[in-house]
Amino acid sequence: MRHLMSPLDFTVEELDQLMDLAADIEKHPSKYAHACEGKKLATLFYEPSTRTRLSHEAAMLNLGGQVLGFSSADSSSAAKGESVADTIRMISCYADICAIRHPKEGAPMVAAMHSSIPVINAGDGGHQHPTQTLTDLLTIRSLKGHLDHLTIGICGDLKFGRTVHSLINALVRYPGIRFLLISPEELRLPGYVREDFLEKNRIPYEEVVSLDEAIPKLDLLYMTRVQKERFFNEEDYVRMKDFYILDREKMQAAPKDMLVLHPLPRVNEISVEVDDDPRAVYFRQVQYGVYIRMALILTLLEVQVC
Ligand code: CP
């Protein structure tokens, strides 16, 4: 039985197969419409979510399966003190696969250790968000045509943004990748991500503060929001929250084929006037998130579709 805790749980070859499957689902959705009939997905969300929970649910429904779950810790027996380990033992009796989001780093791993069904990490604290990374990789591969030889700007909250940590972790395995890490001093990438993912793999990177200086050099710009929920005090958040705002003027300095991605939700960091720019692909990214999660569910449940 296989779980998904980190994007590195799949080899580069397995990721290619997963993305090929997602591309086939995009082209031939009806072929997969009954693939998971009789199967159930449980979504255990101890933290708020729109995309990750609903896209997992949409993915299972598109495959002909059914869904159950909870969308906040308060509406589950976690509010009475039940542990993740005990909860997953129950869920293993009710469902065939589950996706769990939790504010504590490592909670999905604890669930996986006590589970008799595949567990998907749907985001754990500021640590990892592997299904967002699968979504990002599929978006880049589909719209750029390749995942190698790219200069990628990652902008915003690089300290707390788990999507950033997962994406860097995954992309360092492709040749010719370099990063421009664009953030205020206070929100720089954590030391362990820099050392374990970038420096150990000898990946070229630069830490810069100015988005204006970085933008002309980029193949991709991955914008992120400042993670309000991970700040210890409101004052620091207010000081940081509008540090970067990508607007039409800034986009004028960007290469004609630079793509703008964002895991969403967006707050102020991308002005709505950018939404109509053909290089802004963050809403298309959301659709790719459904295809890749369909492919992931089929793969973890070992369902073959001929
Ligand atoms: N991208 C993402 O994780 O969005 P949600 O928090 O809405 O799931």
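Just follow the structure's listing: the first ligand is 1, and inside any ligand the first atom is 1. Nothing fancy with the numbering, it's 1 onward along the sequence.
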Inset, instruction - Scan for ring pair (Phe, Tyr, Trp, His ring centres under 6.0 Å) pairs involving residues 9-55, sequence neighbours excluded, and state none if there are none. - result: Tyr46-Phe70, Tyr46-His102
Inset, instruction - Report yes if some N/O of Pro265 lies less than 3.5 Å from some N/O of ligand 1; otherwise report no. - result: no
Legend entry - Within-cut-off N or O pair, Thr52 and ligand 1, under 3.5 Å: yes
Inset, instruction - State the atoms of ligand 1, each with its element, that fall below the 4.0 Å cut-off from a heavy-atom position in Pro263. - result: 1 (N)
Inset, instruction - Enumerate the atoms of ligand 1 whose separation from the nearest heavy atom of Thr50 is less than 4.0 angstrom. - result: 5 (P), 7 (O), 8 (O)
Inset, instruction - For the pair Tyr244 (side chain) and Val209 (backbone), establish whether a donor and an acceptor sit closer than 3.5 Å, ignoring hydrogens and angles. - result: yes
Legend entry - Qualifying residues under side-chain hydrogen bond (donor to acceptor under 3.5 Å, both in side chains), relative to Asp20, sequence neighbours excluded: Arg141
Inset, instruction - Compare Glu47, His129, Arg101, Arg51 and give the one whose heavy atom is closest to atom 6 (O) of ligand 1. - result: Arg101
Legend entry - Short side-chain donor-acceptor distance under 3.5 Å, Asp136 and Tyr288: no
Legend entry - Transitive ILVMFWY side-chain link Leu171 to Leu261, under 4.5 Å: yes
Legend entry - Mode of Leu264 contact toward ligand 1 - side chain, backbone, both, neither (heavy atoms, under 4.0 Å): backbone
